[in-house]
Colleague: 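Please read through the structure below; I'll follow up with questions.
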Amino acid sequence: MTNRQIRYRRSSTVLWRRCSQNVLLLPRGTERPLSLSGSGVDLWQLLEETQTLQTTSNLLAKRFDTDVREVTPSVVEVLDQLVKVRAVELTVS
Amino acid sequence: MRHSFHPALLALASHRLKGALRQMPAQPLSDDEWAPFLDDVRRHRLTGLLADATKGGEFPVTSSQQQEGDDAHIASMTHVLMLENFLIDSVELLGRAGIQVRVLKGSAVAHLDYADAALRPFVDVDLLVRSEQFDLATETLREHGYQRYFAEIRPGYDRRFGKGVSFVSPGNLELDLHRTFAMGPFGLRVNLDDLWSSGQDFTLAGTPLSGLGPDERLLHACYHASLGDYPPRLLPLRDVAEMLLYGERDEQHILELSRAWGGEAVVARAVAMAWELFDIADVTAMSAWAARYRPAKRDKGRLAVYTDGDTSYAAKSLASLTALPRIRDRVALLRMVAAPDPGFLSRRHRSRASWLIAGFKRATRRSEDHR
């Protein structure tokens, strides 16, 4: 039985800058930049490398010293939004 | 060098430069000082350095000043991202027409010369194209809705004698299309083949782009810092210092090119200004050379054409005569300047007479020691 995993990483076609406490993102084809703040900035840093949802949630939970079960729903929500605007791409392997 | 820069502004512009001795303020600026200071930070494109210096605590600020500085940086970087999107679109557009392009200043310098591109804001897109493709490039942009700010003096002027053309896009973003580094005599003496003999690649949003080679990029930074604005803007001077102190450059090659281009006075002025204004103690071969360099009388006169704030477009055009070795080019330039197209005149002068008077009035100047 094949165990396929969804992996996330920054899209190669997104323009971005770290900006004070925020990260500004502009996926190609989007008119106005989007802004990530707080833990969204940490998430963006993690996505410099390809990550699974589980790894991402574990790392953020550790960084913020909290339970991974509390973090995971928020991570799912942010990742879904970033995939939707094409700032993050996902692969299945 | 005489200047009126606020000491805190110079300290900020030299933030993170190794060997720079300017001292950051010991305490936050007063409310009366802060507002004009922040205006200067924006004007000199130092919002990235301010954000970095306040975040690290090197530049003390109150909480409201921190917020205002951060807001200025966010606004600046928002515009930068939109400009990079526009840059890619413009390069692709020109590429489809077979036009070869080098990215100048802005995005190229931010990504190739700064450890953190967010430290290096910019407000427009600058592209270099070859002279023989210049007319095709302007026509291609025009066909896609880009509008020139100013009409050409006469057909053929831009391709033969001009520095470049400024456009505004349908999305209201500015693109400066360059043929050489500067208008006037120093721009005409640049050997344009040298600018295309090497390049340095970088990638934006997955799109491969090409900037000038490292040595040519430093030379362009020097031309821009020396000749671009009067009084000089601090960010271009920061570029010069950043490139010399941190980049891998062949200083001997740079000096050879500047000599071949007749641009030693330009380069020396930029490097000396950067070293003096930022009070940099570290010495490089070029900073030592610039400190010793004394321009010839003729070059002092040429520099004065750029550094006198009153010098008109007409005067700089006429000063170009000294840089044209061929009689037929001088005649062609004179004809174009003496009888510009009405469309060009209507945006710049009341009449042809006032255009000519402005040109002859400041065509040559006695020099001052600006160092």
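Here is how names work: the chains are called A, B, and so on, in the same order as the sequence lines, proteins then strands, and each is numbered from 1.
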Colleague: Hey, is CD on B:E248 packed in by over 12 heavy atoms from elsewhere, all under 6.0 Å?
Modeller: no
Colleague: Under the criterion side-chain contact (heavy atoms from CB on, under 4.5 Å), I'd like the reasoning laid out for B:M82 against A:R32: C-alpha separation, chi angles, the key distance, then a yes or no.
Modeller: CA-CA 7 Å; B:M82 293 169 69; A:R32 296 284 300 181; 3.6 Å; yes
Colleague: Name the option with the most non-hydrogen atom pairs under 4.5 Å to chain A; the candidates are B:I88, B:L204, B:V80, B:T207.
Modeller: B:I88
Colleague: Nearest 0.5 Å, please: how far is CG in A:L24 from NE2 in B:H73?
Modeller: 8.0 Å
Colleague: In this structure, are over 12 heavy atoms from other groups packed under 6.0 Å from B:Q100 atom CD?
Modeller: yes
Colleague: Is B:Q23 atom CD crowded by more than 12 heavy atoms from other residues, nucleotides or ligands, each under 6.0 Å away?
Modeller: no
Colleague: Would you say B:E33 has more than 12 foreign heavy atoms packed within less than 6.0 Å of its CD?
Modeller: yes
Colleague: For chain A, which of B:D116, B:T203, B:D89 has the most heavy-atom pairs under 4.5 Å?
Modeller: B:D89
Colleague: To the nearest 0.5 Å, what is the distance between CG on B:N85 and CG on A:L26?
Modeller: 4.5 Å
Colleague: Can you say whether B:D52 sits under 4.5 Å from chain A via the side chain, the backbone, both, or neither, judging by heavy atoms?
Modeller: neither
Colleague: Would a 4.5 Å heavy-atom cut-off, applied to side chains only, mark B:K55 and A:S20 as touching?
Modeller: no
Colleague: Is the number of heavy atoms from other residues, nucleotides or ligands within 6.0 Å of CD (A:Q54) greater than 12?
Modeller: no
Colleague: Quick one: pull up CZ in A:R17 and CG in B:L119 and give me the separation to the nearest 0.5 Å.
Modeller: 10.0 Å
Colleague: Check whether any side-chain heavy atom of B:E84 lies under 4.5 Å from a side-chain heavy atom of A:R28, and answer yes or no.
Modeller: no
Colleague: Side chain from CB out, backbone as N, CA, C, O: work out which of these in A:T30 comes under 4.5 Å of a heavy atom of chain B, or both, or neither.
Modeller: backbone
Colleague: When you look at CG of A:D67, are more than 12 heavy atoms from neighbouring residues, nucleotides or ligands closer to it than 6.0 Å?
Modeller: yes
